[in-house]
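As structure tokens, the structure follows; a few thoughts come after it.
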Amino acid sequence: MSDTGESVLVVGAGIAGLGAALALSDGRRKITVLDRDPPPPDTSPDDAFYAWERRGATQLRHSHAFIGRLTTLIRTRYPDLLAELQNAGAQLFTYEEALPPALKSGYRAKSGDEKLSFIFSRRTTLELIMRRYAASLPGVTFVPNAAVRGLVAETRDGTIVVKGLEAEIDGAVESLRADIVADASGRNTVFPDWLRARGADIAEEESPAGILYFTRHYRLRDGQDEPPRDGTPGGGDLGYIKFGVFIADNRHFSVTLATPEIETELRKVIGRPEVFDAICGQIPGCARWIDPARAEPVSQVFSMGNLKNVWRRFVKDGAPEALGFFAIGDAAMRTNPLYGRGCSSGVAHAHILRDVLDATLDPRERALMFERETFAAIRPFYETMVKQDLQAIKRAEYERDPSYRPRLKARIAKSFVEDALIPATRGDLEVSRASSHAFHMTAHPVDWLKRPSILARLIKIWAMPKSMKRARNYYPPSFGPVRSEMLARLGIAT
């Protein structure tokens with residue numbers, strides 16, 4: 001398509017908004033990114049972690065996993081950005097490096113493995129470097145201290161046509177006109193309510209995540225290295241608590257503990273630094289990282305609640321509810337942050353928008369195509385995460401019920417996960433690859449489990465004697481103590 005000359009207003013300068021700036025910045029459009037917060041500090045990544053005020057991003061200082069979907073986009077389309085991230089201290093962590101010991105010796109690279117890399121970084125570092133890079137691109141302008149106050153829109157043939165925004169910039173209200181408005185304002189977006197007030201029927205699905213989220217950051221001491229990658233799980237689910245260690249940039253890392261909402265005793269005290277560290281000390285995968293001889297804490301314990309899965313639909317009965325308007329990232333769909341897919345989904349979603357805008361100039365076809373492509377690319381992952389959250393909520397309830405005895409179907413499903421799926425991902429390279437592609441959002445989240453070759457490998461390992469699987473280190477070490485033991489060690493009465 002030739003030069004469109006279109007103007008685009010992007011609301012929000014978080015990950016999805018930055019993704020939109022990257023995706024649309026090819027010199028053919030004028031992109032203006034409205035940021036409610038002040039501009040980022042002109043400082044180092046370490047200083048930015050402490051000094052950058054981001055009222056619009058409550059999850060900024062929580063743990064983040066930047067998985068293969070995002071890493072691949074950056075590596076293939078924005079290699080200069082990747083180089084700048086690495087120069088700022090971010091780490092590229094490959095599939096080979098992530099393999100458990102049982103698979104390392106027999107590893108042979110295969111096409112597609114390059115898509116299974118992480119970027120290890122604090123979110124503040126990633127956003128800081130992405131923003132500096134995006135600001136240098138042709139046609140991109142960032143406007144800080146810009147609070148959006150409403151839509152500029154009209155109704156044409158019964159359909160809302162968005163023409164721009166009312167925004168308060170440095171205290172003065174302005175009417176900003178644009179051909180396209182992209183809502184990247186995040187999980188607390190008000191745009192659906194503004195559209196509904198004009199008569200739009202924006203359908204919204206909700207499902208509970210069922211957890212509360214707690215994060216603390218640490219730094220390796222001078223002269224200390226990361227623990228060896230010996231197969232000790234850096235993340236897992238004990239039923240009454242989930243845990244994860246997130247490696248970051250510049251010798252930093254964080255630990256996130258997530259408690260089910262019904263774990264009243266734990267959630268009342270876990271935000272206290274001494275309790276948070278005590279819990280980590282009882283979980284082998286965390287304890288070796290936060291060992292005081294190895295690392296020191298560098299933050300308070302950050303908490304986050306009101307976590308739920310949300311999916312919004314902007315097309316009803318085959319007709320768009322608004323033209324010239326596109327919601328991307330968390331403004332369109334929210335998921336449990338524990339799965340680490342939000343940032344990757346947001347940037348991928350922005351690139352879907354770019355492809356749609358490039359494909360046609362027809363506003364109605366753009367709206368319909370964007371809805372279709374969003375559903376095809378992201379909806380399967382959303383549905384999988386919703387299902388996993390509902391299962392985790394049930395498991396948390398069972399953990400609190402001493403009389404619970406699983407039925408046969410539940411015991412078989414548990415055995416398949418614990419005695420086939422998990423051992424196979426640690427002991428069979430092809431199963432490991434397939435599951436990794438699903439995790440990194442570079443393949444469908446569940447279709448790999450239906451492939452005959454994968455099923456045959458899973459059944460083979462399921463049938464293998466447990467003693468043989470233990471001898472081959474196919475089983476991970478224990479995640480940590482059972483609930484009653486943990487609470488007793490913490491001195492918490494139930």
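Owing to the predicted nature of the structure, the values given are computational and were not obtained by experimental measurement. Side-chain atoms are counted along with the backbone in the values below, which use heavy atoms only and exclude waters and symmetry mates.
Here the side chains of Val310 and Thr335 are not in contact, with every heavy-atom distance at 4.5 Å or above. Side-chain atoms of Ile67 and Arg341, non-hydrogen and from C-beta on, do get closer than 4.5 Å to each other. Side-chain contact check for Val269 versus Glu265: every heavy-atom pair is 4.5 Å or farther apart. Taking 4.5 Å as the limit, some side-chain heavy atom of Asp330 sits within range of a side-chain heavy atom of Gln59. Side-chain contact between His351 and Arg77 is present, with heavy atoms from C-beta onward closer than 4.5 Å. A heavy-atom distance below 4.5 Å is found between the side chains of Leu390 and Ser207. By the 4.5 Å heavy-atom criterion applied to side chains, Asp35 and Arg131 are counted as neighbours. With a 4.5 Å cut-off on side-chain heavy atoms, His64 and Arg122 do not count as touching.
Under a cut-off of 6.0 angstrom, the local environment of NZ in Lys414 is sparse, with at most 12 non-hydrogen atoms contributed by other residues, nucleotides or ligands. Annotation: Lys242, atom NZ; neighbour count of heavy atoms from other residues, nucleotides and ligands within 6.0 Å is above 12.
Separation of the Phe243 and Phe479 ring centroids falls under the 6.0 Å cut-off. Residues Phe370 and His349 place their aromatic rings such that the two centres sit under 6.0 Å apart. Here the two rings, on Tyr218 and Trp289, have centers that are 6.0 Å apart or farther.
Residues Thr189 and Ser185 have side chains that bring a donor and an acceptor to within less than 3.5 angstrom of each other. Counted by atom type alone, Thr215 and Thr256 present one or more donor-acceptor pairs between their side chains at under 3.5 Å. With hydrogens and angles left out, the side-chain atoms of Tyr95 and Ser432 include a donor and acceptor closer than 3.5 Å. Side chains of Asp419 and Tyr475: a donor-acceptor N/O pair is present below 3.5 angstrom, by distance only. For the 3.5 Å distance criterion, the side chains of Arg294 and Gln224 fail to qualify, holding no donor opposite an acceptor. The closest side-chain donor-acceptor pair between Asp389 and Tyr339 falls under 3.5 angstrom. Checked by atom type, the side-chain pair Thr94/Glu97 shows a donor-acceptor distance below 3.5 Å.
No donor-acceptor pair closer than 3.5 Å links the side chain of Glu485 to the backbone N or O of Arg483. For the pair Asn309 (side chain) and Tyr382 (backbone), a donor-acceptor distance under 3.5 Å is absent. Judged by distance alone, with hydrogens and angles left aside, the side-chain atoms of Ser299 form a donor-acceptor pair with the main-chain N or O of His217 at under 3.5 Å. A donor-acceptor distance shorter than 3.5 angstrom exists from the side chain of Ser435 to the backbone of Val431, with no hydrogens or angles considered. Put simply, the side chain of Arg354 never gets that close to the backbone of Ala20: no donor and acceptor are under 3.5 Å apart. A distance-only check finds a donor-acceptor pair linking the side chain of Gln91 to the backbone of Ala248 [under 3.5 Å]. Of the possible polar contacts, one joining the Asn87 side chain to the Ala83 backbone as a donor-acceptor pair under 3.5 Å is found. A donor-acceptor pair is defined here as one N or O able to donate and one able to accept, closer than 3.5 Å; no such pair exists between the side chain of Thr442 and the backbone of Arg69. At distances below 3.5 Å, at least one donor-acceptor pair connects side-chain atoms of His252 with backbone N or O atoms of Asn250. One N or O on the side chain of Thr76 and one on the backbone of Thr72 form a donor-acceptor pair closer than 3.5 Å.
Ring orientation note: the planes of His62 and Phe302 are nearly perpendicular, at an angle over 60° on the 30°/60° scale. Relative orientation of the Phe93 and Phe118 rings is tilted, given thresholds of 30° and 60° on the angle between their planes.
Residue Phe66 holds its CZ atom at 14.0 Å from NE2 of His440, rounded to the nearest 0.5 Å. One finds the CG atom of Leu220 at 5.5 Å from the CZ atom of Phe253 (value rounded to the nearest 0.5 Å). A distance of 12.5 Å separates OG in Ser254 from CD1 in Ile290, rounded to the nearest 0.5 Å. With values rounded to the nearest 0.5 angstrom, Asp249 atom CG is found 4.5 Å from Ser121 atom OG. Rounding to the nearest 0.5 angstrom, the gap separating the CD1 atom in Ile492 from the CG atom in Leu266 is 5.0 Å.
Cation-pi contact between Arg61 and Phe49: present, with separation from the ring centre below 6.0 Å and deviation from the ring axis of at most 45°. Geometrically, Arg451 does not engage Trp448 in a cation-pi contact, judged by NZ or CZ lying under 6.0 Å from the ring centre and within 45° of the ring axis. Trp311 carries Arg379 over the face of its six-membered ring, with the cationic atom under 6.0 Å from the centre and within 45° of the normal.
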**OP:** Would you check, one step at a time, whether the test salt bridge (charged side-chain N to carboxylate O under 4.0 Å, His left out) holds for Arg400 with Glu263?
**Re:** CA-CA 8 Å; Arg400 296 174 62 88; Glu263 277 292 348; 3.3 Å; yes
**OP:** Please assess Leu458 against Phe416 for the test side chain to side chain contact (heavy atoms under 4.5 Å, CB included), listing each intermediate value before the final yes or no.
**Re:** CA-CA 9 Å; Leu458 290 171; Phe416 177 75; 3.9 Å; yes
**OP:** Apply the test side chain to side chain contact (heavy atoms under 4.5 Å, CB included) to residues Leu212 and Ser303: give CA-CA distance (whole Å), side-chain angles for both, the deciding distance (0.1 Å), then the verdict.
**Re:** CA-CA 7 Å; Leu212 301 172; Ser303 61; over 6 Å; no
**OP:** Test Leu22 against Tyr78 for side chain to side chain contact (heavy atoms under 4.5 Å, CB included), laying out the working first.
**Re:** CA-CA 9 Å; Leu22 293 177; Tyr78 314 102; 3.8 Å; yes
**OP:** Could you check Glu296 against Arg221 for salt bridge (charged side-chain N to carboxylate O under 4.0 Å, His left out), going step by step and ending with a plain yes or no?
**Re:** CA-CA 7 Å; Glu296 60 181 339; Arg221 296 186 184 275; 3.8 Å; yes
**OP:** Dump the intermediate steps for salt bridge (charged side-chain N to carboxylate O under 4.0 Å, His left out) on Arg395 and Asp237, then the final yes or no.
**Re:** CA-CA 10 Å; Arg395 182 182 175 188; Asp237 186 356; 3.8 Å; yes
Subject >> side chain to side chain contact (heavy atoms under 4.5 Å, CB included) evaluation trace for Leu99 with Leu429 >> reply: CA-CA 9 Å; Leu99 287 174; Leu429 192 56; 4.1 Å; yes
Subject >> Arg288 and Asp230: CA distance, side-chain angles, deciding distance, salt bridge (charged side-chain N to carboxylate O under 4.0 Å, His left out) verdict >> reply: CA-CA 12 Å; Arg288 65 199 201 125; Asp230 56 6; 3.3 Å; yes
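Contact check on Lys110 versus Glu430 returns a salt bridge, with a Lys/Arg side-chain nitrogen under 4.0 Å from an Asp/Glu carboxylate oxygen. Taking the charged nitrogens against the carboxylate oxygens, Glu226 and Arg251 have no contact shorter than 4.0 Å, which rules out a salt bridge. Salt-bridge annotation for Asp46 and Arg219: absent, with no side-chain N of the basic residue lying under 4.0 Å from a carboxylate O of the acidic one. Salt bridge annotation for Glu397-Lys394: absent, with no cationic side-chain nitrogen under 4.0 angstrom from a carboxylate oxygen. Electrostatic pairing of Glu205 and Arg313 counts as a salt bridge here, judged by a charged N lying under 4.0 Å from a carboxylate O.
The heavy-atom pair separating Gly285 from Val245 by the smallest distance is O-CG2, 3.6 Å. The shortest heavy-atom contact between Ile461 and Lys469 is O-NZ, 3.0 Å.
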